[in-house]
Amino acid sequence: MKNYAEMAETRLALSEMEAAEAEVVWNRKTVPKVLKIVSTRLLQRDLVSLLLVSPWLYRSLVSYPSIWLSLDFSEMGNAGNRVVAALSLPRYCYVKHIKLEFAQDIEDKHLELLKIKCLDSLQNLECLNLNGCQKISDKGIEAITNACPTLKVFSIYWNVRITDMGIKHLVKNCKYVTELNLSGCKNISDKSLQLVAENYSKLELLNLTRCTKLTDHGLQQILLKCSFLQSLNLYALSGFTDLAYKSISLLTQLKFLDLCGAQNLSDEGLACVAKCVNLVCLNLTWCIRVTDLGVICIAQGCTSLEFLSLFGIVGVTDKCLEALSRSCSNTITTLDVNGCIGIKRRSRDELLHLFPHLKCFKVHS
Amino acid sequence: MADDGVNTKVEAVSKATTETIELRTEDGGVFDVDKPVAMEFLILKSFYEDEGRVFDKTSIRLPNVKQLELSKVIEYCTRALEFGAKSAAAAGDKDAERMVRQEREGFEAEFVDELSNEMLKELILAVNFLDIKEMLDFLIRSVANRIRNRSVAYVRQFFDIENDFTPQEEDQIHQENAWAFEGVDAD
């Protein structure tokens, strides 16, 4: 009967014989394998540096498309030229994410150049971040959206040059957008919202922070047609009224809602928001017309609430906290009641008593 | 529950239900390893399962593994199993879960801090040979942290790789990828 240990030894001895060869094989097979996994945790700069280590490592690494799906030029100078140079390299032909957040020296002409020179490499792009790229105008948007038909996530915050025309190009060229961030794009009007509503019925995230030209009319279009919205940001938009707010109840999937500065929002409007039963985050900072009535509706309707700010609302009292505690004490981890002078018992301990899982007591500064 | 320190020199555990395997390293080390820990080494696990044999106490020689590495591997795997059990016990209790997580993170940070570059590589070699997925993933994360922001020369030295680029090749790749580096202009 063969000895167990002998069999084990034979098996392992065999591998010992190959040990010398294995070392080289290990190096050339395993090091790239190791680095492929390591690469998911490396910064872009370090990843590219690996290509300079040795020729066989270079060849191995460029043969893995999965590690070359992202390009990040955040805050880099001369970014326009950099992105063209990068996209001219074959290994980025399947790129999915391009981040140019606060990159400098990126202009319309670079986006036009990308369309001319790198069109093939842009056919899989899903996510384009042009946040803070203030030199880009409608022209650049026209070019890049034309080059990227599969775009799903488009973000261009703090750009005051983009107008409804730019959005027109976006909806014409990119049919699959699910996330749109236009925070700070002050020149966007209701016309853009109409275009978005008509074309992006599957939209999941929309950020309209500080787009002060917008009115109820535009917002209503969105609320009526983008029924799958999960995140809606209306921060610092004081022009809307209950007329539009009431239709927020149509957004049954809504999880995140920022109404900071909604000075016209009444309890009636808030009662409609309360119909969004899946709400997790609700920002009511400076919603100065709101009273206990509205907040109690929220308490009763939104039982999964984790994040709530009532900052600056003087019309709410301890009553609304009690109601919230009855239904959301298990879930609330952030509650800002600073400036809520109508609430008498709002020391840290008193709040913890009502909401035992509370971690954060301040949202608004 | 107070956490007992785990000795790196593993002793046979005298629990009625815990069996051990004797593992011998190429440099003469002998270790009595609890079966659950040893079964984390897929090279051993598949061996036993392939044979369809009943487990019995035998001594196995591991030719590609040295004492120091094996003791580290056993230390990590033993603690990993403990953390796994603690995590399961804490399930549902957010505070308890967090405590276990933090404890584990503390252990892992200390574990990797004590490793030299050489040791880290040797461990990867050993763990790769023994086929221990979780530990390999942990080590790889640690490597990523080590080579973060380092020069190409450092990385070569770290992996013991010779630079057999010709100067022209190296130059070309440099130029093609200049865009990725700040302070270097892309044309």
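We name chains A, B, ... by the order of the sequence lines, and we start the count at 1 in each one. Since the model is a prediction, treat every value here as computed from it, not as a measurement.
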Give a yes or no on this: more than 12 heavy atoms of other residues, nucleotides or ligands lie within 6.0 Å of atom [atom1] of [X].
X	atom1	value
B/Met99	CE	no
B/His174	NE2	no
A/Lys359	NZ	yes
A/Tyr64	OH	yes

For A/Val53, does its backbone N or O pair with a side-chain atom of B/Arg156 as donor and acceptor, under 3.5 Å?
yes

Apply side-chain contact (heavy atoms from CB on, under 4.5 Å) to the pair B/Asn149 and A/Asp46, showing each step before the final yes or no.
CA-CA 6 Å; B/Asn149 278 334; A/Asp46 293 329; 4.1 Å; yes

Could you tell me which of [options] has the largest number of non-hydrogen atom pairs under 4.5 Å with chain A?
options	answer
B/Ala153, B/Ser142, B/Ser151, B/Ala180	B/Ala180
B/Asp137, B/Asn145, B/Ile140	B/Ile140
B/Glu176, B/Arg150, B/Glu170	B/Glu176

If the threshold is 4.0 Å, N to carboxylate O, is there a salt bridge linking B/Glu182 and A/Arg82? yes

Between B/Phe159 and A/Trp56, is the ring centroid distance below 6.0 Å? no

Residue part contacting chain A, namely of B/Arg141, when any heavy atom lies under 4.5 Å: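 For B/Arg141, backbone and side chain are both near chain A.
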
| task | Begin from the C-alpha positions of B/Trp179 and A/Leu89 and carry the test side-chain contact (heavy atoms from CB on, under 4.5 Å) through to its verdict. | result | CA-CA 11 Å; B/Trp179 56 265; A/Leu89 298 173; 3.4 Å; yes

For this session: Decide yes or no for A/Ser49 and B/Val155: does some side-chain heavy atom of the first lie under 4.5 Å from some side-chain heavy atom of the second?
Result: no

| task | Check whether any side-chain heavy atom of A/Leu52 lies under 4.5 Å from a side-chain heavy atom of B/Asn163, and answer yes or no. | result | no

Query - Distance, nearest 0.5 Å, that separates CG of A/Leu42 from CD1 of B/Ile147 - result: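 Nearest 0.5 Å value for the CG-CD1 distance: 5.0 Å.
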
Legend entry - chain B contact via A/Leu35 - side chain, backbone, both or neither, heavy atoms under 4.5 Å: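 The answer is the side chain of A/Leu35.
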
